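Written out below as structure tokens is the structure these notes cover.
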There are 2 protein chains.
Amino acid sequence: MRLLLAEDEKEMSNALVAVLKHSNYSVDAVYDGLDAYNYGISENYDGMILDIMMPKMDGIEVLKKLREKGINTPVLLLTAKSQVSDRIEGLDSGADDYLTKPFAMGELLARIRAMTRRKTEFSPNDLTIGNITLSRETFDLKGPSGTQRLGSKEFQMLEMMMVNKNTLISTERFMERIWGYDSDAEINVVWVFISYLRKKLVSVGADVEIKAARGVGYTLAEKQK
Amino acid sequence: MRLLLAEDEKEMSNALVAVLKHSNYSVDAVYDGLDAYNYGISENYDGMILDIMMPKMDGIEVLKKLREKGINTPVLLLTAKSQVSDRIEGLDSGADDYLTKPFAMGELLARIRAMTRRKTEFSPNDLTIGNITLSRETFDLKGPSGTQRLGSKEFQMLEMMMVNKNTLISTERFMERIWGYDSDAEINVVWVFISYLRKKLVSVGADVEIKAARGVGYTLAEKQK
DNA sequence: GCTATACTTTAAAGTAATCTTAAAGTAGCA
DNA sequence: TGCTACTTTAAGATTACTTTAAAGTATAGC
């Protein structure tokens with residue numbers, strides 16, 4: 001799960017990023033409303049956390065503009081004021097939830113889970129292609145000859161490929177979506193995980209394979225016989 | 001037993017929390033309808049006490065929305081008015097009971113007991129999975145090679161896992177449901193109790209085991225042979 | 001009200017899974 | 001043939017979980 005966090009107070013932001021990463025989210029942090037909008041419009045996120053008070057453009061404004069553009073990523077608003085008017089305006093503008101500062105981290109996590117769950121409720125819990133099934137709940141990859149538990153990175157990569165079956169996914173897209181813009185991981189990480197995935201696919205007896213497209217990226221497709 | 005109390009008058013709320021905690025309930029207190037809804041939807045409670053007159057969303061509205069979402073936690077409504085119309089609407093909306101202010105604490109406690117009993121009446125007294133049985137009455141865990149008495153925390157954790165056999169339960173969910181939102185216990189408490197439980201499962205000769213899903217949570221499942 | 005006991009929590013040290021990097025090997029293509 | 005892009009392996013660093021021990025709290029029986 002990839003989240004965008006827009007919060008201008010550095011300390012607050014850093015603390016939140018730490019907690020969110022710990023809870024298995026990939027997080028991109030931005031520090032003003034303009035960046036929030038620019039990042040948000042990429043549709044690379046499963047959820048966004050927007051502070052209302054921010055330089056350049058306030059959170060409600062960002063939200064309105066994104067909704068105008070047809071971006072319906074779930075949004076959780078953070079507000080320092082507990083004023084009802086702000087909240088109502090936020091919810092009217094298409095926010096999915098809001099939280100008043102100060103708040104407990106546990107509550108934030110619960111709200112994020114609820115928010116993204118509502119969204120993903122209709123997307124199936126198990127992905128199936130050929131003779132393999134990937135559980136979004138347990139990260140288990142099942143095939144005719146066994147089950148393998150995938151790590152978080154392996155899971156995210158395979159999930160992307162299964163959702164976009166037969167479609168080419170560029171190495172950069174993997175990096176952006178899974179490691180985030182600000183990651184300094186080498187490109188070669190993607191190659192390594194592709195290798196791990198192929199090994200696990202073979203070990204569960206999959207009839208699908210990951211094909212490389214030289215200079216471009218990877219595709220998941222059923223094996224030819 | 002975990003209760004949610006939604007009551008906007010601080011003094012009243014504090015008094016109720018004190019009495020309820022004294023009667024061995026874990027209590028989360030919220031002070032408006034929106035929070036009542038947000039907390040209630042987590043399904044972390046064995047019962048909810050909702051004041052009808054509350055800011056942002058009244059108790060009946062909260063109840064209706066929760067029932068719409070399929071949450072059937074028992075609800076006791078508190079009303080200052082003794083108007084019949086309110087009561088009828090409340091009961092129609094899926095409340096299990098109501099109480100008119102002012103009321104005696106003793107009566108409130110009795111109603112809560114009755115309400116939660118009705119609910120748990122139909123859930124079996126013994127949970128069985130594989131070759132182990134957990135008694136909800138005595139907190140005894142029985143297996144082929146012995147019996148172990150579980151502590152309250154151990155019991156609650158194992159109960160959750162047995163009810164949700166083969167389903168992953170996140171560490172956060174354990175924390176929320178057993179320790180509550182406002183607890184400041186470290187996450188590591190969960191790990192410690194998982195360890196105690198595993199030890200007791202082995203000692204009674206269980207053919208089920210608790211599997212960890214790194215970064216996510218735990219699952220109870222029958223052992224592979 | 002004291003003491004023994006059981007239960008809960010914290011802390012810390014040990015273990016294992018996962019992630020990242022580096023480096024050596026292989027294949028496609030000019 | 002040689003360049004580049006990918007593949008694989010292995011080692012190290014990091015993180016997450018497991019276990020143990022000990023300190024803190026609550027409870028029951030005297």
Side-chain angles (χ1 to χ4, degrees), chain A residues 17-27 138-141 147-158 161 168-172 174-175 178-180 182-203 209-220, chain B residues 21-26 138-141 147-158 161 168-172 174-175 177-180 182-203 209-220:
Chain A
V17 168
V19 170
L20 292 170
K21 288 205 166 155
H22 183 82
S23 297
N24 248 309
Y25 294 104
S26 315
V27 187
T138 62
F139 292 19
D140 279 338
L141 172 66
T147 297
Q148 285 273 340
R149 162 85 36 97
L150 302 188
S152 152
K153 295 283 192 288
E154 290 171 339
F155 169 80
Q156 290 179 72
M157 288 186 67
L158 186 56
M161 288 189 284
L168 199 144
I169 302 175
S170 74
T171 316
E172 290 91 52
F174 279 120
M175 290 297 288
I178 299 175
W179 279 264
D182 51 352
S183 158
D184 48 2
E186 308 284 324
I187 190 117
N188 131 28
V189 156
V190 174
W191 302 338
V192 172
F193 280 104
I194 288 285
S195 164
Y196 290 162
L197 275 175
R198 291 209 256 237
K199 204 181 281 180
K200 289 194 175 172
L201 283 171
V202 168
S203 97
E209 63 186 342
I210 300 170
K211 287 192 230 164
R214 207 179 160 82
V216 202
Y218 295 90
T219 314
L220 184 75
Chain B
K21 287 205 166 155
H22 186 78
S23 298
N24 252 311
Y25 293 103
S26 315
T138 62
F139 289 20
D140 278 340
L141 172 66
T147 298
Q148 285 273 342
R149 163 76 40 93
L150 302 188
S152 146
K153 294 283 192 281
E154 290 172 337
F155 170 79
Q156 290 179 73
M157 288 186 66
L158 186 56
M161 288 190 284
L168 196 144
I169 303 176
S170 74
T171 315
E172 284 155 17
F174 279 120
M175 290 296 288
R177 172 107 185 118
I178 300 176
W179 280 264
D182 50 352
S183 156
D184 48 1
E186 306 285 322
I187 190 121
N188 126 26
V189 158
V190 174
W191 302 340
V192 172
F193 280 104
I194 288 285
S195 165
Y196 291 162
L197 276 175
R198 290 208 256 236
K199 205 182 279 177
K200 290 192 174 172
L201 283 171
V202 168
S203 97
E209 64 186 340
I210 300 170
K211 286 194 232 163
R214 210 182 160 81
V216 199
Y218 295 90
T219 314
L220 185 74

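The structure presented is a predicted model; accordingly, all values stated were derived computationally and were not measured. When reading the values below, keep in mind they use all heavy atoms of this one structure, side chains included, and skip hydrogens, waters and symmetry mates. All chains are named by letter (A, B, ...) in the order of the sequence lines, taking the proteins before the strands, and each is independently numbered beginning at 1.
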Is any side-chain nitrogen or oxygen of A/Lys21 closer than 4.0 Å to OP1 or OP2 of D/dT15?
no
Pair A/Val189, A/Phe174 - check side chain to side chain contact (heavy atoms under 4.5 Å, CB included), show working.
CA-CA 10 Å; A/Val189 156; A/Phe174 279 120; over 6 Å; no
Between which nucleotides of DNA chain C, 5' to 3', does chain A make heavy-atom contacts below 4.0 Å?
C/dC19 to C/dG28
If we only count heavy atoms from C-beta on, is the [X] to [Y] side-chain gap below 4.5 Å?
X        : Y        : answer
A/Val192 : A/Glu186 : no
B/Met157 : B/Val190 : yes
A/Leu201 : A/Leu141 : yes

Rounded distance in Å - [atom1] ([X]) to [atom2] ([N]):
X        : N      : atom1 : atom2 : result
A/Lys153 : D/dT14 : NZ    : P     : 15 Å
A/Lys211 : D/dC6  : NZ    : C1'   : 16 Å
B/Leu168 : D/dC17 : CG    : P     : 11 Å
B/Ile169 : D/dC17 : CD1   : P     : 15 Å
A/Asn188 : D/dT4  : CG    : P     : 17 Å

Mapping B/Tyr196 and A/Glu154 onto DNA chain C by nearest heavy atom, which one lands closer to the 5' end?
B/Tyr196
Which residue, A/Trp191 or A/Arg214, contacts DNA chain C at a nucleotide closer to its 5' end, judged by nearest heavy atom?
A/Trp191
Taking every heavy atom of A/Gln148 against every heavy atom of A/Lys200, the minimum-distance pair comes out as OE1-CE, 3.5 Å
Counterpart residues, ring pair (Phe, Tyr, Trp, His ring centres under 6.0 Å), relative to A/Phe155 (two or more places apart):
A/Phe139
Need to verify one output field. Residue with the more 5' nearest nucleotide on DNA chain D, B/Val216 or A/Arg198?
A/Arg198
